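I have placed the structure first, in the form of structure tokens, so that the comments after it can refer back to it.
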Amino acid sequence: MYTRLLFASLVCLLFSTCQTPDVPIPATETLYIFPYQSQVDASNINCGYKAYEWGGDQLKGFIRNRSTEISTEELMALGQEIHNTHLPFPVIAHERAIWLEDIVDAMKPHLVKNDFPHYTYVVDAPFLNAFTIPGGNIYITSELLDAVQNKHELAYIIGHELGHNENEHTKELALLNRFIERDDIDIWKRVALKVGSGICNKSDELECDIASIYLLEKAGYDPELALGGIDLLRHLSKAPEDVVERVLLGFFSTHPWSDERDECVRAYVKDNKVTVGCAKIYQSTGIINAKYSSLDLYRYPLKREDLRLQQLSPNESVHVVCTGVHQLYQSNEWLYVQYQNSEGTFLGWVNKRGVDIVE
Ligand SMILES: [Zn+2]
């Protein structure tokens, strides 16, 4: 202990900021740091969808290996054809239609794939639903648009539909439909592929939920308010099977929610909400000695590679600025520190468990 105190004093002499650390106290802010962006692989999300994802990958591989590539132009032409001749319900004007455009505009800068204009349409239909087609058009029923409480909920639905394009689901399904239509495919294979694709859609839907959470937050909407969109879709009444089956060619509509999918998305939002700020501020000097090698200094108190500022070697010392606000959903406790080395001065968060505090 004496050695540590001596060491701490020496560091204080070397860095004259010890007695009155001239470091800014970070303002408290609540933010979301989501591990996934708009391209998501359901097999990496621990929500029991691995088998569906595996099945989906096999099916998509089977189709892809037997198909020629489908171009952006072909997808847009297919979308145009569906829009012009196969929509089961009339497109109508709606006073909230501007919301759809606003949301798409706000999400667009955050899309990875910007192949399509993503036109949005309201269709006059007496049930809750939304869907997207190859070429990126998004359709929402008037009933669903009337039912959303706010733009946040609508953003959840739009983000989900954009997610189908970001993750190439619409393209895969266009390939599937083209394959099934081939003359040399027998009826049983058609049925098997159709049923198989329906089952494997489960993981696609989860991917789009997770993509939507990222997109809507980036677009300035509130993920927690947006979860109301899930509640709405849980009450989704199914569209008449024959019409949808016949006319929409099985392209994506939002599907009835499963409980595990609901839980998964809610937990995802909850677990990635972070409050960053100081609870206990150290007025005098808090010197900490790193106990472990590779103690990381983060921009925010989360273990994310892209948020890492510096690595601290064992026994390196830093000034403690404060103890972080307790995180409801994160098990680690954090210290906000000032760290100096030959490259400069760094302010950031370290895991409390990796350090000894010597005051
Ligand atoms: Zn969907």
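In listed order, ligands and their atoms are each counted from 1. It should be emphasised that the depicted structure is a prediction, and the values quoted were computed from it without experimental measurement.
- Centroid-to-centroid, the aromatic rings of Phe89 and Tyr121 stay 6.0 Å apart or farther.
- Each ring pair (Phe, Tyr, Trp, His ring centres under 6.0 Å) pair with one or both residues in residues 25-45, not counting sequence neighbours, appears once here: Tyr32-Phe34, Phe34-Tyr268.
- Distances from the Zn ion (ligand 1) to the N/O/S atoms of Glu205 are shortest for OE1.
- Ring centroids of His83 and Tyr139 are separated by less than 6.0 Å, placing the two rings close together.
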Residues 343-351 side chain polar contacts: donor-acceptor under 3.5 Å, at least two apart:
from: Thr345; atom 1: OG1; to: Gln340; atom 2: NE2; distance (Å): 3.4
from: Asn351; atom 1: OD1; to: Arg353; atom 2: N; distance (Å): 2.9

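- When the N, O or S atoms of His164 are ranked by distance to the Zn ion (ligand 1), NE2 comes first.
- For the Zn ion (ligand 1), the nearest N, O or S atom contributed by His160 is named NE2.
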